[in-house]
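These notes are about the structure you will find just below.
Atoms within a ligand are numbered from 1 in the order they appear, just like the ligands themselves.
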Amino acid sequence: MQIHHTISSLREALANAGRIAFAPTMGNLHPGHASLMQEARQRADTVVASIFVNRLQFGPRDDFDCYPRTFEADCATLTAVGVDHLFAPDENELYPVPQQYFVQPPQAQDMILEGAFRPGHFRGVATVVTKLFNIVRPDIACFGKKDYQQLMVIRNMVHELAMPIEIVGCETVRADDGLALSSRNGYLSPDERREAARLHAELKTIVEAVRNGNRNYRTLEKLAEERLLKSGWEPDYVVVRNQIDLQPPQDDQALVVLGAAKLGATRLIDNLEI
Ligand code: PAF
């Protein structure tokens with residue numbers, strides 16, 4: 001795997017790369033990220049990954065400074081799954097002047113669910129992803145369904161701005177008990193880790209109820225939140241939404257159930273398509 005710290009080095013290396021698949025990351029990679037790379041590998045001649053901890057998507061109370069940076073281990077993971085090029089710029093390379101131009105998702109997609117808890121987050125994501133797309137110029141880009149709202153924002157951005165990139169949503173990788181893999185799972189105590197799969201179990205209960213014809217979404221959502229509360233969680237939301245723009249469901253739209261809740265000091269998110 002070739003490692004590039006500058007835009008010019010990456011662009012030169014990609015001059016004759018054929019069909020390019022790209023998977024952007026912020027590092028601290030786990031098997032969920034590896035599965036994005038494997039998906040990318042199957043779809044293109046050249047696979048590019050990036051590692052960049054993007055200050056723009058962190059709020060003032062978020063953990064930008066203590067975000068885990070595990071570059072050596074990440075390189076080993078990316079090499080093992082057959083990534084050809086890693087783009088790992090520093091902040092001066094990607095933001096040589098303070099960023100003044102931004103990609104702003106519409107409020108109805110930005111300020112709901114995760115965006116309501118992290119104002120400005122999706123503007124930061126949409127801006128850096130656009131910039132990375134302009135640098136890598138991929139044919140395909142892979143994103144995990146674990147961050148469902150992020151995937152939705154990027155899909156809609158690419159569509160509305162006519163970016164010539166196919167966005168691939170990759171399935172969430174889970175532990176045996178159903179817990180979605182996430183860098184944040186490392187913060188859970190052993191007791192919390194045993195409890196953590198309950199969020200997935202609650203979402204699954206809703207999926208089954210809806211598949212069996214229950215359309216009383218508000219009741220299903222409230223019951224799941226109450227059960228989480230009783231088990232010591234602090235739920236932020238459990239909601240059934242449409243898959244296209246995560247608004248409340250209407251008619252025959254494809255649906256997804258999304259949940260976010262704190263277990264001790266750790267906030268977990270998960271979702272399941274219905
Ligand atoms: O999902 C992530 O790791 C980040 O939000 C992304 C897409 C790499 C943008 O910084």
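Just one residue in the list F87, Y67, Y95 forms a ring pair (Phe, Tyr, Trp, His ring centres under 6.0 Å) with F52, and that residue is Y95.
Using cut-offs of 30° and 60° on the angle between ring planes, the pair H5 and F71 is tilted. Ring geometry, F117 versus Y237: the interplanar angle falls from 30° to 60°, so the pair is classed tilted.
In terms of protein heavy-atom proximity, atom 10 (O) of ligand 1 is closest to Q57 OE1, 2.7 Å. Looking at atom 5 (O) of ligand 1, its nearest protein heavy atom turns out to be Q150 OE1, 2.7 Å.
Listed by atom number, the atoms of ligand 1 under 4.0 Å from T25 heavy atoms are 8 (C). Set against the non-hydrogen atoms of P24, the atoms of ligand 1 under 4.0 Å away are 8 (C).
On a distance-only criterion, N54 and ligand 1 share no N/O pair closer than 3.5 Å.
At a 4.0 Å heavy-atom cut-off, ligand 1 touches V128 through the side chain alone.
Looking at R218 and E221, a side-chain N of the basic residue comes within less than 4.0 Å of a carboxylate O on the acidic one, giving a salt bridge. The pair K204-D270 does not meet the salt-bridge criterion, since no charged nitrogen lies less than 4.0 angstrom from a carboxylate oxygen.
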